[in-house]
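Following: one structure in structure tokens, then a few remarks.
Just so it is clear, the structure is predicted and the values come from calculations on it, not from any experiment. Chain identifiers are assigned alphabetically (A, B, ...) following the order of the sequence lines, protein sequences preceding nucleic acid strands; residue numbering begins at 1 within each chain.
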Protein chains: 2
Amino acid sequence: MSDDGHAATPVAGRRMTSSELTVWRTLIDTTAELRRILGAQLLQDSGLSPADYQVLLALSEAAGRRLRSSELAAIIGWERSRLSHHLNRMERRGLIGRNHCATDSRGSEVSLTDDGARMFSGATLPHLRAIKRHFTDALTPEQVEALADVLRALQSHLHPEPTTRVEEKRP
Amino acid sequence: MSDDGHAATPVAGRRMTSSELTVWRTLIDTTAELRRILGAQLLQDSGLSPADYQVLLALSEAAGRRLRSSELAAIIGWERSRLSHHLNRMERRGLIGRNHCATDSRGSEVSLTDDGARMFSGATLPHLRAIKRHFTDALTPEQVEALADVLRALQSHLHPEPTTRVEEKRP
DNA sequence: GGCATATGATTGACGCATCAACATTGACGC
DNA sequence: GCGTCAATGTTGATGCGTCAATCATATGCC
């Protein structure tokens with residue numbers, strides 16, 4: 001009567017060791033620190049927050065540099081409400097524009113302004129260099145590969161579906 | 001010429017490969033997802049946010065279950081202003097109490113209430129189980145060790161100081 | 001057509017984090 | 001004591017993220 005695939009997994013009843021817990025906490029702390037450092041650097045270099053960067057990245061890769069609001073939300077994995085609030089602030093700063101959608105009167109289309117495109121393209125190189133400096137340069141190629149392996153394991157545990165989760169994203 | 005400590009490192013002038021960039025983005029996305037999942041689980045199981053949990057953890061381990069405000073801030077690595085705001089909200093909920101410090105009239109002492117201690121102790125086990133379920137159970141012991149190695153490399157790159165403070169000038 | 005329901009998008013309220021003042025008090029030199 | 005400076009802790013303003021509620025429109029069913 002087993003109805004699903006992962007019901008019978010033994011999942012090693014033992015408790016976590018304290019060193020496993022330490023690895024967990026270090027993972028959270030270290031990634032938080034990296035996000036903080038790179039976010040501050042990005043803001044200082046370009047005046048863009050990491051959230052701004054994500055939005056502008058998706059828009060700059062879109063055909064015609066414009067996207068429906070909900071497509072944009074799906075691409076960057078945000079809730080629509082969050083996106084709407086953030087687009088308000090970005091519109092006020094002149095980074096993006098909004099028009100009514102031609103094919104669906106409910107929808108709205110978000111477009112990259114020239115100012116937004118300029119800001120984004122000025123932000124890209126310093127940001128990539130900062131990632132390299134603080135992340136890639138710290139690791140050997142073997143360590144990068146080991147980390148990729150760990151992340152694959154975590155992802156496939158989070159999302160048992162066989163669909164590949166790591167979509168390709170270009171700078 | 002350069003003032004920082006790692007001048008002699010060749011720092012491989014080459015750019016990042018796209019797979020290195022993908023590993024970086026996956027690291028950020030995956031840890032964000034884990035934080036989100038575990039935070040939501042914690043809140044649902046115990047009514048405590050991750051921030052509450054950190055504060056209560058530090059207090060519950062302190063001698064007499066009380067700490068000076070700035071010590072607490074140092075232990076959990078928060079800015080004092082953030083802590084002050086958060087303690088206001090936790091005090092309103094009856095999780096902690098505040099008294100004037102006896103030895104320093106500027107200071108304030110934060111103490112764990114019985115309610116706070118109960119909430120925290122009820123939160124601990126489910127939280128540890130959730131970490132095990134979503135993190136530890138996804139990895140082999142070898143992967144955990146490889147991740148620990150990667151985190152050590154990242155940390156020592158972020159903080160060039162050797163882990164042990166070797167020398168300290170005393171007046 | 002006409003009505004119920006679903007969907008796209010926005011808004012307001014609230015909790016939270018950061019930043020820049022601010023008030024108070026301790027420490028040290030004189 | 002007095003003056004300066006550092007440290008402790010708080011507050012207000014502002015931006016951000018989440019939740020529930022809302023509005024307008026599209027879709028489907030009869």
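Taking the nucleotide of DNA chain D with the nearest heavy atom to each of B:Arg82 and A:Ser81, the more 5' of the two is matched to B:Arg82. Comparing B:Thr103 and A:Leu83 by the nucleotide of DNA chain C whose heavy atom lies nearest to each, the residue mapping closer to the 5' end is A:Leu83.
Not a single donor-acceptor pair under 3.5 Å links the side chain of B:Asp29 to the backbone N or O of B:Thr26. B:Ser156 places a side-chain N or O within 3.5 Å of a backbone atom of B:Arg152 that can act as its donor or acceptor partner. Between the B:His134 side chain and the B:Ala130 main chain, a donor and an acceptor come within less than 3.5 Å of each other.
At least one side-chain nitrogen or oxygen of B:Ser70 sits closer than 4.0 Å to the OP1 or OP2 atom of D:dG9. Put simply, A:Asn88 has a side-chain N or O that comes within less than 4.0 Å of OP1 or OP2 on C:dT11. Within the 4.0 Å cut-off from OP1 or OP2 of D:dT8, at least one side-chain nitrogen or oxygen of B:Arg80 is found. Considering only side-chain N and O atoms, A:Arg68 lies under 4.0 angstrom from the phosphate OP1 or OP2 of C:dA9.
Nucleic acid contact class of A:Ser84 (heavy atoms, under 4.0 Å, all strands): base.
Atom NE2 in B:His85 sits roughly 8 Å away from atom C1' in D:dT10 (whole-Å rounding). Whole-Å rounding puts the B:Leu87 CG to D:dT8 C1' distance at 14 Å. As rounded to whole Å, 12 Å separates atom P of D:dT10 from atom CG of B:Asn99. When the P atom of C:dA9 is taken as reference, atom CD of A:Glu79 falls 15 Å away, rounded to whole Å. Computed from coordinates, the B:Arg93 CZ to C:dC14 C1' distance equals 13 Å when rounded to whole Å. Computed from coordinates, the B:Arg92 CZ to C:dC14 C1' distance equals 11 Å when rounded to whole Å. When rounded to the nearest whole Å, the span between CZ of A:Arg35 and P of C:dT18 equals 11 Å. A straight line from CZ of A:Arg36 to P of C:dC19 spans 10 Å, rounded to a whole angstrom.
Ring orientation note: the planes of A:Tyr53 and A:Phe120 are tilted relative to one another, at an angle of 30° to 60°.
With D:dT11, D:dA26, C:dA17 as the candidates, the nucleotide lying closest to the side chain of B:Arg89 is C:dA17.
Between the side chain of B:Arg106 and the base of D:dA7 there is at least one donor-acceptor pair of N/O atoms closer than 3.5 Å. A donor-acceptor contact under 3.5 Å is not formed by the side chain of A:His86 with the base of D:dG15.
Pair assignment for D:dA6 gives C:dT25, based on Watson-Crick or G-U wobble hydrogen-bonding distances that are each under 3.5 Å.
Smallest separation of non-hydrogen atoms from A:Leu43 and A:Ser49: CD1-N, 3.7 Å.
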